[in-house]
Number of protein chains: 2
Amino acid sequence: MRIGELSRRTGVSVPTIKFYVREGLLPAGRLTSPNQASYEETHVRRLRLIRALIDVGGLSVAAVREVIAAVDDPGRPIHDLLGEAAVRMVPRYGAEPAGEDGEDGEGGGEEDAGLVAARERVDALILKRNWRCFPGSPAAEALAVALAALGSVGHERFAEVLDDYAEAAERVARADLDYVAHQVAREELVESVAVGTVLGDALFAALRRLAQIDASDRLFGGGEQRKE
Amino acid sequence: MRIGELSRRTGVSVPTIKFYVREGLLPAGRLTSPNQASYEETHVRRLRLIRALIDVGGLSVAAVREVIAAVDDPGRPIHDLLGEAAVRMVPRYGAEPAGEDGEDGEGGGEEDAGLVAARERVDALILKRNWRCFPGSPAAEALAVALAALGSVGHERFAEVLDDYAEAAERVARADLDYVAHQVAREELVESVAVGTVLGDALFAALRRLAQIDASDRLFGGGEQRKE
DNA sequence: ACTATCTGATAGTGCCACTATCTATGATGG
DNA sequence: CCATCATAGATAGTGGCACTATCAGATAGT
């Protein structure tokens with residue numbers, strides 16, 4: 001098919017498709033003449049993947065490029081890909097802009113002691129749950145950053161629910177792996193991991209919200225059946 | 001304290017603090033003279049909340065403004081706040097830029113079939129789990145969008161793990177409510193909900209990643225004890 | 001008195017994700 | 001055969017966002 005049809009099939013404008021090709025997200029079409037190229041079903045599929053990662057997963061174009069590079073690299077171990085898809089989440093802020101704070105105190109002199117303490121907590125959790133991952137991994141660091149942020153806004157006690165969260169996370173991860181293991185071809189498996197990781201976050205976040213609304217209604221709404 | 005100290009205490013530059021005040025995220029300081037204002041501990045706290053929501057939660061300034069407006073509004077029901085914090089997630093794309101696809105048809109007011117089917121799935125899930133929330137809520141719609149995106153990239157079977165996800169989400173939501181219910185003052189409760197919702201997502205995502213790495217290692221890594 | 005700091009205002013910066021426009025070609029159909 | 005349309009590839013421009021820079025005039029503290 002030609003670019004016009006590709007555009008129609010995916011709802012992505014022609015200039016944007018060209019932009020994605022330039023940016024290395026989408027392979028160029030096969031040239032049938034100097035100014036004519038043909039696109040295949042793989043392009044449709046890839047384009048939908050790109051839009052899903054951007055729109056639903058909230059990834060930046062740069063992040064999508066890296067995820068796709070990982071998907072396309074046949075020598076890449078699955079673990080690596082997991083990390084790849086993971087770290088690129090939350091667009092336009094690679095990780096943390098360094099200075100979580102630089103304050104002097106508030107109740108004492110806790111510099112980024114909050115982050116250091118959070119890292120220790122994370123290491124302890126990993127040990128406790130017997131998770132096989134080395135403590136300095138990006139995911140562990142992201143967790144430490146989130147915990148430190150919670151602490152910095154005075155919600156250090158939120159860490160008390162960490163075990164419940166971890167339990168739920170294990171359950172979700174088991175479901176993820178279960179799904180992923182059904183794939184046969186390596187190519188599909190790898191894509192499943194990427195999709196599952198990124199879109200799974202969005203999926204779970206939405207479910208959590210629904211469950212929260214339900215729980216909140218039962219706790220605060222009391223008598224009423226439906227809350228508006 | 002004056003603005004310089006507020007800046008030092010929080011690690012946010014003075015121009016940025018002024019910017020947040022202009023944008024309505026942070027109340028202005030109390031003027032002690034025409035060109036001198038004093039800031040309190042509440043400003044430190046609020047500023048840290050803002051940075052946490054932006055840096056860790058990935059919210060945009062506009063989203064933070066709305067969350068904060070909900071926190072500050074004493075007449076706001078908790079449910080409303082839950083929705084508020086929820087919908088603003090994933091920056092710079094309020095919800096969905098409309099056209100998840102055009103498929104072939106794209107005819108006039110025609111809705112995407114994938115999305116319609118996803119909505120039905122969501123309604124069925126809500127019914128099945130007996131969740132008390134009206135089906136058209138933003139969270140339900142977000143879930144439908146995520147499911148539809150999964151379908152559009154050929155992973156409709158991912159929906160099979162939905163029940164496991166929902167189970168885990170309920171567990172997390174129970175933990176959230178448990179934490180939140182400890183708060184006494186309404187002000188604190190409401191802030192806990194906002195913080196817990198936004199930062200909780202980041203927290204859980206990181207935990208999920210760790211658990212995935214662990215599960216993946218057990219499945220694929222086999223013999224080795226530590227991966228790297 | 002002198003300097004560092006402050007308020008409030010306006011304008012500018014850099015990044016990002018597209019979009020617009022252009023030329024030169026080739027495809028398509030009556 | 002020729003008019004009209006679509007296309008590739010290149011370059012430049014747009015709009016949104018989150019800050020940043022600069023300024024004038026006033027004040028605080030030593």
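Heavy atoms only: backbone and side chains are in, while hydrogens, waters and symmetry mates are out. Computed from a prediction, not measured in an experiment: that's the story for all the values here. Residue numbering restarts at 1 for every chain, and letters A, B, ... go by the order of the sequence lines.
Remark: the B:Ser152 side chain and the A:Arg48 side chain contain no N/O donor-acceptor pair separated by less than 3.5 Å. A donor atom on one side chain and an acceptor atom on the other are found under 3.5 Å apart for B:Tyr20 and B:Arg51. Defined by atom type and a distance below 3.5 Å, a donor-acceptor pair is missing between the side-chain atoms of A:Glu5 and A:Ser7.
Base pairing of D:dT4: its partner is C:dA27, meeting the Watson-Crick or G-U wobble criterion (both donor-acceptor distances under 3.5 Å).
Minimum atom distance to the side chain of A:Ile3 is reached by D:dA8, of the listed D:dA8, D:dA28, C:dC18. Nearest nucleotide to the side chain of A:Leu31, out of C:dT7, C:dT25, D:dA8: D:dA8. The side chain of B:Ser13 sits closest to D:dT20 out of C:dC18, D:dT20, C:dG26.
One can place CZ of A:Arg22 at 11 Å from P of D:dG9, the figure rounded to the nearest angstrom. Protein atom CG of A:Leu59 is 17 Å distant from nucleotide atom C1' of C:dC18, rounded to whole Å. Whole-Å rounding puts the B:Ile17 CD1 to D:dC19 C1' distance at 13 Å. The distance between atom CD1 of B:Ile50 and atom P of D:dA18, rounded to the nearest whole Å, is 13 Å. The CG atom of A:Asn35 sits 11 Å away from the P atom of C:dT28 (whole-angstrom rounding). Put simply, CZ on A:Arg30 is 15 Å from P on D:dT7, counting in whole angstrom units. Atom P of nucleotide C:dT28 and atom CD of A:Glu5 are separated by 13 Å, given to the nearest angstrom.
A salt bridge links B:Glu160 to B:Arg157: one of the charged nitrogens lies within less than 4.0 Å of a carboxylate oxygen.
A donor-acceptor contact under 3.5 Å is not formed by the side chain of A:Arg2 with the base of C:dT28.
Nearer the 5' end of DNA chain C, as judged by each residue's closest nucleotide, is the contact made by A:Lys18, out of A:Gln36 and A:Lys18.
The phosphate of C:dC18 (OP1 or OP2) has a side-chain N or O of A:Arg51 nearer than 4.0 angstrom. The side chain of B:Tyr39 places no N or O atom within less than 4.0 Å of a non-bridging phosphate oxygen (OP1 or OP2) of C:dC6. The phosphate of C:dA17 has neither OP1 nor OP2 within less than 4.0 Å of any side-chain N or O from A:Tyr20. The side chain of A:Ser60 places no N or O atom within less than 4.0 Å of a non-bridging phosphate oxygen (OP1 or OP2) of C:dC16.
Rounding to the nearest 0.5 angstrom, the gap separating the OG1 atom in A:Thr10 from the CG atom in A:Leu47 is 4.0 Å.
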